[in-house]
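When reading the values below, keep in mind they use all heavy atoms of this one structure, side chains included, and skip hydrogens, waters and symmetry mates.
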Amino acid sequence: MLKREHWLRDLKQNLETSIQNAPLGNLKIINCRGVEQYYLDSAETRTSYPNGKYLRKSDFELAGKLAQRNYDEKLLSEVEKQLKNIQNIIKKYEKQEIVQVEELYSVYDRMSPSRKKMVDARIISDKEYVNQWSAKIYSGKDFAEGQAEIYTEKKERVRSKSEKIIADMLYHKNIPYKYECPINLKGLGMIYPDFTCLRLADRKTILWEHLGMMTDPIYCQKAMKKIDIYAKNGFIQGRDIIYTFESEKYSLNTMSVENLINQIFST
(Lines give C-alpha, C1' and ligand atoms only; values in the text may rest on other atoms or scores of the structure.)
Protein backbone atom coordinates (compact mmCIF):
# COMPACT_ATOMS: atom_id res chain seq x y z
CA MET A 1 0.00 0.00 0.00
CA LEU A 2 2.84 2.41 0.83
CA LYS A 3 4.47 1.70 -2.54
CA ARG A 4 1.17 2.29 -4.32
CA GLU A 5 0.64 5.53 -2.40
CA HIS A 6 4.10 6.76 -3.40
CA TRP A 7 3.46 5.84 -7.04
CA LEU A 8 0.10 7.62 -7.04
CA ARG A 9 1.59 10.73 -5.41
CA ASP A 10 4.25 10.94 -8.14
CA LEU A 11 1.64 10.40 -10.86
CA LYS A 12 -0.58 13.08 -9.28
CA GLN A 13 2.27 15.58 -9.21
CA ASN A 14 3.16 14.92 -12.86
CA LEU A 15 -0.46 15.29 -13.92
CA GLU A 16 -0.93 18.55 -12.00
CA THR A 17 2.19 20.00 -13.62
CA SER A 18 1.03 18.94 -17.07
CA ILE A 19 -2.45 20.42 -16.53
CA GLN A 20 -1.00 23.67 -15.17
CA ASN A 21 1.08 24.12 -18.33
CA ALA A 22 -1.71 23.10 -20.72
CA PRO A 23 -4.04 25.53 -22.56
CA LEU A 24 -7.41 26.15 -20.92
CA GLY A 25 -10.60 24.66 -22.31
CA ASN A 26 -12.18 21.45 -23.51
CA LEU A 27 -11.91 19.79 -26.90
CA LYS A 28 -15.08 18.91 -28.76
CA ILE A 29 -14.84 16.43 -31.62
CA ILE A 30 -17.72 16.35 -34.10
CA ASN A 31 -17.96 13.91 -36.99
CA CYS A 32 -19.43 15.74 -39.97
CA ARG A 33 -20.06 13.49 -42.97
CA GLY A 34 -17.15 11.27 -42.07
CA VAL A 35 -14.78 14.18 -41.38
CA GLU A 36 -13.66 14.92 -37.82
CA GLN A 37 -13.96 18.58 -36.81
CA TYR A 38 -12.39 20.02 -33.68
CA TYR A 39 -13.81 22.82 -31.49
CA LEU A 40 -12.46 24.68 -28.49
CA ASP A 41 -14.92 25.19 -25.63
CA SER A 42 -13.70 27.57 -22.93
CA ALA A 43 -14.99 30.36 -20.71
CA GLU A 44 -13.25 32.91 -22.94
CA THR A 45 -14.77 31.64 -26.19
CA ARG A 46 -18.23 30.62 -24.96
CA THR A 47 -19.80 34.08 -25.38
CA SER A 48 -18.79 34.45 -29.03
CA TYR A 49 -18.93 30.75 -29.86
CA PRO A 50 -21.69 29.03 -27.83
CA ASN A 51 -21.07 25.72 -29.61
CA GLY A 52 -17.30 26.03 -29.46
CA LYS A 53 -14.69 27.79 -31.56
CA TYR A 54 -13.76 25.90 -34.73
CA LEU A 55 -10.13 24.84 -34.88
CA ARG A 56 -8.49 24.83 -38.29
CA LYS A 57 -5.81 22.43 -39.48
CA SER A 58 -3.21 24.99 -38.41
CA ASP A 59 -4.58 24.62 -34.85
CA PHE A 60 -4.13 20.83 -34.73
CA GLU A 61 -1.30 21.15 -32.20
CA LEU A 62 -3.65 23.08 -29.92
CA ALA A 63 -6.31 20.39 -30.38
CA GLY A 64 -3.81 17.74 -29.29
CA LYS A 65 -2.87 19.73 -26.18
CA LEU A 66 -6.53 20.15 -25.27
CA ALA A 67 -7.17 16.42 -25.71
CA GLN A 68 -4.16 15.67 -23.52
CA ARG A 69 -5.42 18.10 -20.86
CA ASN A 70 -8.90 16.54 -20.85
CA TYR A 71 -7.39 13.06 -20.45
CA ASP A 72 -5.01 14.23 -17.71
CA GLU A 73 -7.87 15.86 -15.79
CA LYS A 74 -9.96 12.68 -15.86
CA LEU A 75 -7.00 10.55 -14.85
CA LEU A 76 -6.11 13.00 -12.06
CA SER A 77 -9.63 12.70 -10.68
CA GLU A 78 -9.31 8.90 -10.56
CA VAL A 79 -5.81 9.13 -9.04
CA GLU A 80 -7.02 11.48 -6.30
CA LYS A 81 -9.92 9.15 -5.53
CA GLN A 82 -7.65 6.13 -5.23
CA LEU A 83 -5.05 8.06 -3.26
CA LYS A 84 -7.72 9.05 -0.76
CA ASN A 85 -8.84 5.42 -0.49
CA ILE A 86 -5.30 4.25 0.19
CA GLN A 87 -4.74 6.91 2.82
CA ASN A 88 -7.93 5.79 4.57
CA ILE A 89 -6.74 2.19 4.47
CA ILE A 90 -3.38 3.11 5.96
CA LYS A 91 -5.07 5.07 8.77
CA LYS A 92 -7.50 2.25 9.55
CA TYR A 93 -5.26 -0.81 9.66
CA GLU A 94 -8.20 -3.17 9.97
CA LYS A 95 -9.65 -2.17 6.62
CA GLN A 96 -8.62 -4.58 3.83
CA GLU A 97 -9.91 -2.79 0.76
CA ILE A 98 -8.13 -3.64 -2.49
CA VAL A 99 -7.48 -0.76 -4.83
CA GLN A 100 -7.76 -1.86 -8.43
CA VAL A 101 -5.35 -0.29 -10.87
CA GLU A 102 -7.70 -1.32 -13.67
CA GLU A 103 -9.83 1.73 -12.91
CA LEU A 104 -6.85 3.90 -13.78
CA TYR A 105 -6.40 2.03 -17.04
CA SER A 106 -10.08 2.45 -17.86
CA VAL A 107 -9.74 6.25 -18.08
CA TYR A 108 -7.86 5.72 -21.33
CA ASP A 109 -9.73 2.58 -22.39
CA ARG A 110 -13.08 4.40 -22.29
CA MET A 111 -11.87 7.19 -24.58
CA SER A 112 -12.97 7.26 -28.19
CA PRO A 113 -10.43 6.18 -30.85
CA SER A 114 -10.29 9.81 -32.02
CA ARG A 115 -9.13 10.98 -28.62
CA LYS A 116 -6.82 8.03 -28.01
CA LYS A 117 -4.69 8.86 -31.02
CA MET A 118 -4.29 12.44 -29.80
CA VAL A 119 -3.09 11.82 -26.26
CA ASP A 120 -0.04 10.30 -24.64
CA ALA A 121 -1.50 7.78 -22.19
CA ARG A 122 0.25 7.93 -18.82
CA ILE A 123 -0.66 4.34 -18.01
CA ILE A 124 -2.34 1.67 -20.13
CA SER A 125 -3.71 -1.78 -19.52
CA ASP A 126 -1.89 -4.91 -20.64
CA LYS A 127 -4.47 -5.40 -23.38
CA GLU A 128 -3.93 -1.90 -24.74
CA TYR A 129 -0.16 -2.28 -24.46
CA VAL A 130 -0.25 -5.46 -26.54
CA ASN A 131 -2.52 -3.78 -29.10
CA GLN A 132 -0.14 -0.85 -29.49
CA TRP A 133 2.96 -3.08 -29.49
CA SER A 134 1.48 -5.35 -32.15
CA ALA A 135 0.15 -2.50 -34.28
CA LYS A 136 3.56 -0.99 -35.02
CA ILE A 137 4.18 -1.55 -38.71
CA TYR A 138 7.49 -2.95 -39.92
CA SER A 139 8.91 -4.54 -43.06
CA GLY A 140 10.45 -7.98 -42.77
CA LYS A 141 12.73 -9.77 -45.22
CA ASP A 142 11.48 -10.94 -48.59
CA PHE A 143 11.26 -14.62 -49.43
CA ALA A 144 13.35 -15.94 -52.28
CA GLU A 145 11.48 -17.17 -55.33
CA GLY A 146 10.87 -20.91 -55.16
CA GLN A 147 11.45 -21.08 -51.41
CA ALA A 148 9.22 -23.58 -49.60
CA GLU A 149 5.97 -22.06 -48.35
CA ILE A 150 5.52 -22.84 -44.67
CA TYR A 151 2.75 -21.16 -42.69
CA THR A 152 2.09 -20.90 -38.98
CA GLU A 153 -1.27 -21.26 -37.28
CA LYS A 154 -1.47 -17.45 -37.39
CA LYS A 155 -1.34 -17.79 -41.20
CA GLU A 156 2.02 -16.04 -41.48
CA ARG A 157 4.82 -17.36 -43.62
CA VAL A 158 8.08 -18.54 -42.04
CA ARG A 159 11.28 -20.03 -43.44
CA SER A 160 11.47 -23.43 -41.77
CA LYS A 161 9.47 -26.09 -39.97
CA SER A 162 11.44 -25.34 -36.81
CA GLU A 163 10.43 -21.69 -36.94
CA LYS A 164 6.84 -22.83 -37.36
CA ILE A 165 7.19 -24.96 -34.20
CA ILE A 166 8.46 -21.96 -32.23
CA ALA A 167 5.85 -19.60 -33.66
CA ASP A 168 2.97 -21.98 -32.97
CA MET A 169 4.22 -22.62 -29.42
CA LEU A 170 4.36 -18.88 -28.71
CA TYR A 171 0.91 -18.48 -30.21
CA HIS A 172 -0.63 -21.21 -28.04
CA LYS A 173 1.05 -19.76 -24.96
CA ASN A 174 -0.52 -16.35 -25.76
CA ILE A 175 2.87 -14.67 -26.03
CA PRO A 176 2.80 -11.74 -28.47
CA TYR A 177 5.55 -11.90 -31.07
CA LYS A 178 6.70 -10.42 -34.37
CA TYR A 179 8.44 -12.41 -37.08
CA GLU A 180 11.65 -10.95 -38.53
CA CYS A 181 11.14 -7.46 -37.11
CA PRO A 182 14.30 -5.47 -38.00
CA ILE A 183 16.70 -3.96 -35.47
CA ASN A 184 19.99 -2.14 -35.92
CA LEU A 185 23.02 -3.61 -34.15
CA LYS A 186 26.32 -1.82 -33.81
CA GLY A 187 28.90 -3.86 -35.67
CA LEU A 188 26.37 -5.71 -37.81
CA GLY A 189 23.90 -3.14 -39.11
CA MET A 190 20.27 -3.95 -39.84
CA ILE A 191 19.34 -7.53 -38.97
CA TYR A 192 16.10 -9.47 -38.71
CA PRO A 193 15.85 -11.61 -35.54
CA ASP A 194 13.63 -14.63 -36.10
CA PHE A 195 11.22 -13.60 -33.35
CA THR A 196 10.73 -10.48 -31.28
CA CYS A 197 8.65 -11.53 -28.27
CA LEU A 198 6.87 -9.56 -25.56
CA ARG A 199 6.98 -10.75 -21.95
CA LEU A 200 3.86 -9.09 -20.60
CA ALA A 201 4.69 -9.60 -16.90
CA ASP A 202 7.27 -6.79 -17.08
CA ARG A 203 6.58 -5.61 -20.64
CA LYS A 204 10.07 -6.61 -21.72
CA THR A 205 10.97 -7.36 -25.32
CA ILE A 206 13.00 -10.56 -25.77
CA LEU A 207 14.55 -11.69 -29.04
CA TRP A 208 14.66 -15.29 -30.22
CA GLU A 209 17.20 -16.52 -32.75
CA HIS A 210 16.92 -20.07 -34.05
CA LEU A 211 20.23 -21.18 -35.58
CA GLY A 212 19.27 -24.22 -37.57
CA MET A 213 22.26 -25.15 -39.74
CA MET A 214 25.09 -25.48 -37.24
CA THR A 215 26.61 -28.43 -39.15
CA ASP A 216 27.46 -26.08 -42.02
CA PRO A 217 30.89 -24.54 -41.19
CA ILE A 218 30.22 -21.23 -42.96
CA TYR A 219 26.75 -20.89 -41.38
CA CYS A 220 28.17 -21.83 -37.97
CA GLN A 221 30.92 -19.20 -38.26
CA LYS A 222 28.39 -16.49 -39.15
CA ALA A 223 26.12 -17.61 -36.31
CA MET A 224 28.92 -17.38 -33.75
CA LYS A 225 29.82 -13.92 -35.02
CA LYS A 226 26.18 -12.85 -34.68
CA ILE A 227 26.02 -14.19 -31.09
CA ASP A 228 29.21 -12.29 -30.24
CA ILE A 229 27.84 -9.04 -31.67
CA TYR A 230 24.57 -9.49 -29.83
CA ALA A 231 26.57 -9.82 -26.59
CA LYS A 232 28.60 -6.70 -27.37
CA ASN A 233 25.31 -4.84 -27.87
CA GLY A 234 24.14 -5.85 -24.39
CA PHE A 235 21.93 -8.83 -25.27
CA ILE A 236 22.39 -11.50 -22.62
CA GLN A 237 21.25 -15.10 -23.20
CA GLY A 238 18.20 -15.90 -21.11
CA ARG A 239 17.62 -12.26 -20.21
CA ASP A 240 17.35 -10.34 -23.48
CA ILE A 241 17.65 -13.07 -26.09
CA ILE A 242 16.99 -16.78 -26.56
CA TYR A 243 19.10 -19.02 -28.77
CA THR A 244 18.02 -22.44 -30.03
CA PHE A 245 20.21 -24.63 -32.21
CA GLU A 246 19.86 -27.40 -34.74
CA SER A 247 22.14 -29.57 -36.85
CA GLU A 248 21.83 -32.51 -39.24
CA LYS A 249 21.84 -35.02 -36.36
CA TYR A 250 20.00 -32.96 -33.74
CA SER A 251 16.64 -31.46 -34.64
CA LEU A 252 14.68 -28.96 -32.59
CA ASN A 253 13.23 -30.54 -29.45
CA THR A 254 9.65 -29.34 -28.90
CA MET A 255 9.81 -30.16 -25.19
CA SER A 256 12.90 -27.99 -24.82
CA VAL A 257 11.14 -25.16 -26.64
CA GLU A 258 8.17 -25.39 -24.30
CA ASN A 259 10.44 -25.50 -21.22
CA LEU A 260 12.28 -22.39 -22.45
CA ILE A 261 9.03 -20.52 -22.96
CA ASN A 262 7.66 -21.54 -19.56
CA GLN A 263 10.87 -20.58 -17.79
CA ILE A 264 11.57 -17.25 -19.46
CA PHE A 265 8.09 -15.85 -20.10
CA SER A 266 6.54 -16.77 -16.75
CA THR A 267 8.94 -14.44 -14.89
Measuring only between side-chain heavy atoms, which start at C-beta, is Tyr250 closer than 4.5 Å to Met214? no
Once side chain to side chain donor-acceptor pair (under 3.5 Å) is applied, what residue pairs with a partner in residues 232-242 remain, sequence neighbours excluded? Lys204-Asp240, Asp228-Lys232
Just so I know, are the side chains of Trp133 and Thr196 near enough to count as touching, which here means a heavy-atom distance under 4.5 Å? yes
With rounding to the nearest 0.5 angstrom, report the OG to CG distance, Ser247 to Leu211. 12.0 Å
Restricting to non-hydrogen atoms, name the atom on Ser125 and the atom on Asp109 that form the minimum distance, rounded to 0.1 Å. OG-OD2, 3.5 Å
Heavy atoms of other groups near Lys53 NZ, more than 12 under 6.0 Å: no
Going by the side chain to side chain contact (heavy atoms under 4.5 Å, CB included) test, name the single residue among Val107, Leu104, Val79 that passes it with Ile123. Leu104
Which residue pairs satisfy the ring pair (Phe, Tyr, Trp, His ring centres under 6.0 Å) criterion with at least one member in residues 147-193, sequence neighbours excluded? Tyr177-Phe195, Tyr179-Phe195
Using only atom types and a distance under 3.5 Å, with no angle test, would you say the side chain of Ser77 pairs donor to acceptor with the backbone of Lys74? no
Quick one: list whatever passes side-chain hydrogen bond (donor to acceptor under 3.5 Å, both in side chains) with Lys164, sequence neighbours left out. Asp168
Test your reading of the model: is there a side-chain donor-acceptor pair from Thr215 to the backbone of Glu248, 3.5 Å cut-off? yes
Could you work out, with side-chain hydrogen bond (donor to acceptor under 3.5 Å, both in side chains) as the rule, every residue matching Ser114, not counting sequence neighbours? Glu36
Arg69: side-chain hydrogen bond (donor to acceptor under 3.5 Å, both in side chains) partners, not counting sequence neighbours: Glu73
Would one find more than 12 heavy atoms of other residues, nucleotides or ligands at under 6.0 Å from atom NZ of Lys225? no
Modelled atom types, side-chain donor and acceptor of Lys28 and Asn51, under 3.5 Å: no
For Leu252, is there any backbone N or O sitting under 3.5 Å from a side-chain donor or acceptor partner on Glu246? yes
Is there a donor in the side chain of Gln68 and an acceptor in the side chain of Asp72, or the other way round, less than 3.5 Å apart? yes
Looking only at heavy atoms, which two atoms of Tyr219 and Gly212 are closest? And how far apart? OH-N, 3.0 Å
Any carboxylate oxygen within less than 4.0 angstrom of a Lys/Arg side-chain nitrogen, looking at Lys84 and Glu80? no
Of all heavy-atom pairs linking Trp208 and Leu170, the shortest is CZ3-CD2, 4.2 Å
Run Val119 and Met111 through side-chain contact (heavy atoms from CB on, under 4.5 Å) and show every step you take. CA-CA 10 Å; Val119 305; Met111 294 174 66; 3.9 Å; yes
Can you tell me if Tyr49 has over 12 outside heavy atoms packed within less than 6.0 Å of its OH? no
State, without any angle test, whether Gln37 and Tyr39 hold a side-chain donor-acceptor pair at a distance under 3.5 Å. yes
How long is the span from the NZ atom in Lys222 to the CG atom in Leu188, to the nearest 0.5 Å? 11.0 Å
Cluster check Val158, Ile261: I/L/V/M/F/W/Y, side chain < 4.5 angstrom: yes
With the threshold set at 4.0 Å, does a side-chain nitrogen-carboxylate oxygen contact exist between Glu128 and Lys116? yes
Show your reasoning for whether salt bridge (charged side-chain N to carboxylate O under 4.0 Å, His left out) applies to Asp194 and Arg159. CA-CA 9 Å; Asp194 295 324; Arg159 299 181 187 277; over 6 Å; no
Indicate yes or no for a side-chain donor-acceptor contact from Asp59 to the backbone of Arg56 under 3.5 Å, with no hydrogens or angles considered. yes
Rounding to 0.5 Å, atoms CE (Met213) and CD1 (Ile218) come to a distance of 9.5 Å
Taking the side chain as every heavy atom from C-beta outward, state whether Leu198 and Tyr129 have any atom pair closer than 4.5 Å. yes
Which ILVMFWY residues are connected to Met118, directly or by a chain of links, through side-chain heavy atoms under 4.5 Å apart? Leu27, Ile29, Tyr38, Leu40, Leu55, Phe60, Leu62, Leu66
Residue of the set Ile183, Ile242, Ile191 for which side chain to side chain contact (heavy atoms under 4.5 Å, CB included) holds with Leu207: Ile183
Side-chain touch Ile175/Arg199, heavy atoms, less than 4.5 angstrom: no
Counting neighbours of CG on Asp142 that are heavy atoms of other residues, nucleotides or ligands and sit closer than 6.0 Å, is the number greater than 12? no
Drop me the distance from Lys81's NZ to Leu76's CG, to the nearest 0.5 angstrom. 12.5 Å
Any idea which heavy atoms bring Gly187 and Ile229 closest together, and the distance? O-CD1, 3.5 Å
Donor-acceptor contact present, side-chain Ser134 to main-chain Val130, <3.5 Å: yes
CZ of Arg4 to NE2 of His6, rounded to nearest 0.5 Å, is 13.5 Å
Please report the shortest heavy-atom distance between Tyr138 and Pro182, naming the atom on each side. CD1-CD, 3.6 Å
Nearest 0.5 Å please: distance from the CG atom of Asp10 over to the CD atom of Glu5. 10.5 Å
Is there side-chain contact between Arg9 and Asn14, with heavy atoms separated by less than 4.5 Å? no
Expected output: side-chain Arg115 to main-chain Ala67 donor-acceptor under 3.5 Å: no
Got a sec: does the CE of Met190 have more than 12 other heavy atoms crowding it under 6.0 Å? yes
For Pro193 and Cys181, work out which heavy atoms get closest and say how close. CD-O, 3.3 Å
So, Ser18 side chain and Leu15 main chain: donor-acceptor pair closer than 3.5 Å or not? no
Does Lys161 reach the side chain of Ile165, with side-chain heavy atoms less than 4.5 Å apart? no
Testing Gln20, Lys12, Gln13 one by one against Glu16 for a side chain to side chain donor-acceptor pair (under 3.5 Å), which residue passes? Lys12
